[in-house]
Each structure stands twice: as C-alpha cells, then as structure tokens.
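Only one structure is covered here, and it is reproduced in the block below.
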Amino acid sequence: MLWSDPENEPPEELRDAQDMLRRLGLFLASAMVLIMVVIGLR
C-alpha cells in the first residue's frame with residue numbers, strides 16, 4: 001500500500017448500518033437460543 005493511497009475508511013452511514021446489522025444478528029441469535037431453551041423445557 002502506497003503512502004499516497006486514500007484512507008480505506010468506510011463512510012459514516014455504512015459504519016452505522018454495519019453496527020445495526022451486528023446488533024440485529026446478536027439479537028436474533030440470542031432469541032433463537034431462548035426459543036430452543038423454551039422448546040426444550042416443554
């Protein structure tokens with residue numbers, strides 16, 4: 001990578017969207033685990 005290359009930083013909106021998708025993925029994963037536990041207890 002050359003010193004003259006531009007910074008490889010994603011724009012602010014893209015970073016916000018990635019954070020939101022990451023949180024949504026974590027929420028969905030934990031919800032699935034909770035559902036599996038509830039089904040298993042029945």
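Numbers for residues simply follow the sequence, beginning at 1. Only heavy atoms go into these numbers, but all of them, side chains included; no hydrogens, no water, no symmetry mates. Quantities reported herein were computed from a predicted structural model and do not represent experimental measurements.
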Item to check | Members sharing Ile39's hydrophobic cluster (side chains within less than 4.5 Å) | outcome: Ile35
Item to check | For Glu12, side-chain contact (heavy atoms from CB on, under 4.5 Å) partners two or more places apart | outcome: Arg15, Asp16
Checklist outcome for this item: Applied to residues 18-31, the side chain to side chain donor-acceptor pair (under 3.5 Å) test, sequence neighbours excluded, yields Asp19-Arg22
